[in-house]
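The structure appears right after this line, and notes come after that.
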Amino acid sequence: LIVLIGSYSANKIIRPVRNLQKALANVVRSSNRDDPAYIPAENIPVETKDEIGDLAVAFNKMSQDLKTTRESELKNLSEIEELLLTSAESESRITAVMNNVVEGIITIDHQGRIDSYNLAAERLFGYKADEVKGKNISGHRRQRP
């Protein structure tokens, strides 16, 4: 009878601990997955109202918070990718317009460095865009041939 009670009591303690151990192993394994869309959703049953049960409740909350954070990160990443795509498309359109106007167009940043230099400016000033981009506008004086 003592062995039976001891075995039953040990099982009441060991089973929740093993469940927690398996759930933790799954979380660690899931954090190493290559798939960025993978979101672990691991909840373990709360079998007791003691310290082990409190630990299971805390683990389930942590797991849910991890899932919520991962979903938020994926949403933010998707929004950033969309903004980058839109930005690249806009830049492509602006470059096309700039290279097809007949007037020389030079854009500079707040420190006077050349950001862009269109084809008409190349013809007008005699410099290629690669020669002047990033250089300060005040430092380029060349006599025309």
Is Phe125 close to Val132 at the side-chain level, that is, under 4.5 Å between some pair of heavy atoms?
no

From Glu91 CD over to Ser116 OG, what is the distance, rounded to the nearest 0.5 angstrom?
9.5 Å

Single-linkage hydrophobic cluster, 4.5 Å side-chain cutoff, Leu66 and Leu55 together:
yes

Is there a path of hydrophobic side-chain contacts, each under 4.5 Å between heavy atoms of I, L, V, M, F, W or Y residues, that connects Leu124 with Ile114?
yes

Check whether any side-chain N or O of Ser63 sits under 3.5 Å from a backbone N or O of Phe59 as a donor-acceptor pair, and report yes or no.
no

Do side-chain atoms of Thr86 reach the backbone of Glu82 as a donor and acceptor pair under 3.5 angstrom?
yes

List in chain and number order the residues that pass side-chain contact (heavy atoms from CB on, under 4.5 Å) with Glu81, two or more places apart in sequence or in another chain; answer none if no residue qualifies.
Leu77

Distance from Lys128 atom NZ to Lys133 atom NZ, nearest 0.5 Å?
12.5 Å

Side-chain donor/acceptor of Asp115 to backbone N/O of Gly134, under 3.5 Å:
no

Working to the nearest 0.5 angstrom, can you tell me the gap between Glu122 CD and Ile106 CD1?
10.5 Å

Gap between atom NZ of Lys75 and atom CZ of Arg70 - 0.5 Å precision
15.5 Å

With rounding to the nearest 0.5 angstrom, report the CZ to CD1 distance, Arg113 to Ile137.
12.5 Å

Establish whether Ile105 and Ile94 are linked, either directly or via other cluster members, by ILVMFWY side-chain heavy-atom contacts under 4.5 Å.
yes

Ile108 and Tyr117: same hydrophobic cluster, using ILVMFWY side-chain contacts below 4.5 Å?
yes

Quick one: list whatever passes side-chain contact (heavy atoms from CB on, under 4.5 Å) with Asp54, sequence neighbours left out.
none

Test item: Glu103 side-chain N/O and Ala120 main-chain N/O as donor-acceptor pair under 3.5 Å:
no

Taking Thr95's backbone N and O only, do any of them form a donor-acceptor pair with Asn100's side chain (distance below 3.5 Å, no angle check)?
no

Ignoring hydrogens and angles, tell me if any N or O in the side chain of Asn99 forms a donor-acceptor pair with the backbone of Asn118 under 3.5 Å.
no

Under a single-linkage definition using a 4.5 Å side-chain heavy-atom cutoff for Ile, Leu, Val, Met, Phe, Trp and Tyr, are Val101 and Leu119 assigned to the same hydrophobic cluster?
no

For Asp65, all residues meeting salt bridge (Lys or Arg N to Asp or Glu O under 4.0 Å), sequence neighbours excluded
Lys61

Looking at Glu73, I want to see if its CD is surrounded by more than 12 non-hydrogen atoms of other residues, nucleotides or ligands under 6.0 Å.
yes

